[in-house]
Amino acid sequence: MALIAVAEALEHLLADAAPLQAESVALMDAADRVLAEPLMALRTQPPFNASAMDGYAVRADDVASVPARLSVIGMAPAGRGFTGTVGPAQAVRIFTGAPLPAGADTIVIQENARDLGGGMVEVTAPTVEGRNIRRLGLDFSKGDALLEKGRLLDPAALSLAASANHQQVRVVKRPLVAIIATGDELLPPGSDLGPDQIISSNAYGVAAAARSVGASALDLGIAPDRKEAIAALVTKAVDAGADVIVTLGGASVGDHDLVHDVLTGEGMALDFWKIAMRPGKPLMFGRLGAIRCIGLPGNPVASLVCTQLFLKPLLARLGGRAFRQDMRQARLGAAMPANDLRQDYVRAVVKEEAGTLEATPFSIQDSSMLRMLADANGLVVREPFAPAAAAGAACSVLMLR
């Protein structure tokens with residue numbers, strides 16, 4: 001199968017990707033979820049004319065000129081309104097959030113009133129009608145559309161939903177990513193390694209990247225290089241209801257790269273295999289029924305670069321989220337050689353110099369070197385057949401953090 005371009009591969013990957021079905025979750029569990037439908041107000045807020053300040057509810061006519069002495073006929077704390085009517089030369093002691101008593105049309109803040117004792121208060125500053133009152137429905141009214149479909153439920157949105165009297169909300173289901181590492185040489189962190197073994201590290205970065213765009217990650221562990229072992233973990237992924245199966249390694253063309261054979265044997269329809277990019281050439285994509293299968297390269301840097309370019313946009317789309325790569329323009333901090341037929345993603349340190357971003361690539365770009373990726377905050381993107389570029393030349397940078 002011929003190499004395809006990065007942009008073409010991404011088009012294939014996202015072609016029929018749409019937000020997953022909706023589910024209802026408790027509001028307390030809805031943080032960082034995506035609304036599957038518009039959220040409507042179930043009540044009016046405020047549900048009555050309310051005092052915006054601590055003070056006295058009065059008639060504006062009685063305090064048009066000061067000082068004005070008024071008789072205090074009651075009290076209205078929040079949650080327990082005054083049930084009588086404020087008449088001429090009368091006042092009700094009121095607190096923030098309490099309903100405005102009948103007959104009153106303004107609030108004198110307590111700083112502008114002096115308690116004279118004996119049920120009398122003296123107003124020391126004039127107050128006009130309507131001052132310090134939150135009118136019925138000031139925030140929203142029952143039936144108002146408060147939040148749009150697709151809104152990420154951040155703290156303000158969650159508080160608004162609660163204020164509108166929602167106990168639950170309808171949100172897009174979180175995509176579930178099942179992660180399968182493959183290779184006889186792999187052991188989990190903390191293991192005592194044999195002379196021919198290495199630590200399996202890719203799953204941790206892939207899972208973190210998945211969660212960063214709102215997906216759930218299920219680590220199914222490491223399958224040795226045997227078709228039946230890989231197939232058993234694929235079955236577990238299907239049984240768990242995975243929306244995406246991600247395999248790590250074993251998707252190339254070696255005698256021990258068995259993932260392609262196992263997945264096609266399970267019924268996967270292969271879409272593409274191998275991309276004109278570096279690192280990340282041996283990336284595989286297909287569909288196993290409704291499940292999308294992505295075979296990531298085994299080299300750690302290639303795996304994470306492909307995760308950034310392909311897995312994160314796919315998961316964001318399935319989860320109903322907007323996603324955009326953070327592409328910026330910069331100048332090169334070091335010269336770069338001409339490129340071949342593959343699109344390069346070159347690890348670099350990006351910093352601002354005199355108001356301009358400068359991207360300095362690392363001199364070694366081996367795709368096994370994770371420390372360099374951790375130190376990098378950007379990837380210089382080099383188009384296929386790009387000519388040699390001198391230091392100071394313009395470049396495109398994919399920011400990583």
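The first residue in the sequence is number 1, and the count goes up from there.
More than 12 heavy-atom neighbours from other residues, nucleotides or ligands sit within 6.0 angstrom of CZ on Arg401. For Arg135, the CZ atom is densely surrounded, since the number of other residues' heavy atoms within 6.0 Å is greater than 12. The environment of CD in Glu353 is crowded: more than 12 heavy-atom neighbours from other residues, nucleotides or ligands sit within 6.0 Å. Counted within 6.0 Å of CZ on Arg43, heavy atoms from surrounding residues, nucleotides or ligands total more than 12; the atom is thus considered enclosed. Within a 6.0 Å sphere centred on CZ of Arg331, other residues, nucleotides and ligands contribute more than 12 heavy atoms. Within a 6.0 Å radius of CD in Gln167, no more than 12 heavy atoms belonging to other residues, nucleotides or ligands are found.
Within the cation-pi definition used here (under 6.0 Å to the ring centroid, within 45° of the axis), Arg317 does not qualify as a partner of Phe323.
The backbone N or O of Gly117 sits less than 3.5 Å from a side-chain atom of Asp115, completing a donor-acceptor pair. When atom types are taken as modelled, the side chain of Ser51 and the backbone of Met53 share a donor-acceptor pair closer than 3.5 angstrom.
In plain terms, the two heavy atoms of Ser303 and Asn202 that are nearest each other are CB-ND2, 3.6 Å. A pairwise comparison of heavy atoms in Thr106 and Leu100 identifies O-CD1, 4.5 Å as the closest pair.
Checked for salt-bridge contact, Arg174 and Asp243 miss the test: no charged N lies under 4.0 Å from a carboxylate O.
Between Gln110 and Arg93, the side chains place a donor N or O and an acceptor N or O closer than 3.5 Å (distance only, hydrogens not considered). In the model, Arg278 has no side-chain atom that pairs as donor or acceptor with a side-chain atom of Gln343 under 3.5 Å.
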Show me the donor-acceptor pairs, under 3.5 Å and distance only, between side chains in residues 8-30 and residues at least two apart or in other chains.
unit_1: His12; atom_1: ND1; unit_2: Asp271; atom_2: OD1; d: 2.6
unit_1: Asp16; atom_1: OD1; unit_2: Arg287; atom_2: NH2; d: 2.9
unit_1: Asp16; atom_1: OD1; unit_2: Arg292; atom_2: NH2; d: 3.1
unit_1: Glu23; atom_1: OE2; unit_2: Arg33; atom_2: NH2; d: 2.6
unit_1: Ser24; atom_1: OG; unit_2: Arg170; atom_2: NH1; d: 3.1

Exercise for the section: Under the side-chain hydrogen bond (donor to acceptor under 3.5 Å, both in side chains) rule, what do Asp54 and Thr96 come out as? Steps first, then yes or no, please. Expected result: CA-CA 5 Å; Asp54 292 349; Thr96 303; 3.0 Å; yes
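Looking at Trp273, Phe310, Phe272 one by one, the single match for ring pair (Phe, Tyr, Trp, His ring centres under 6.0 Å) with Phe285 turns out to be Phe272.
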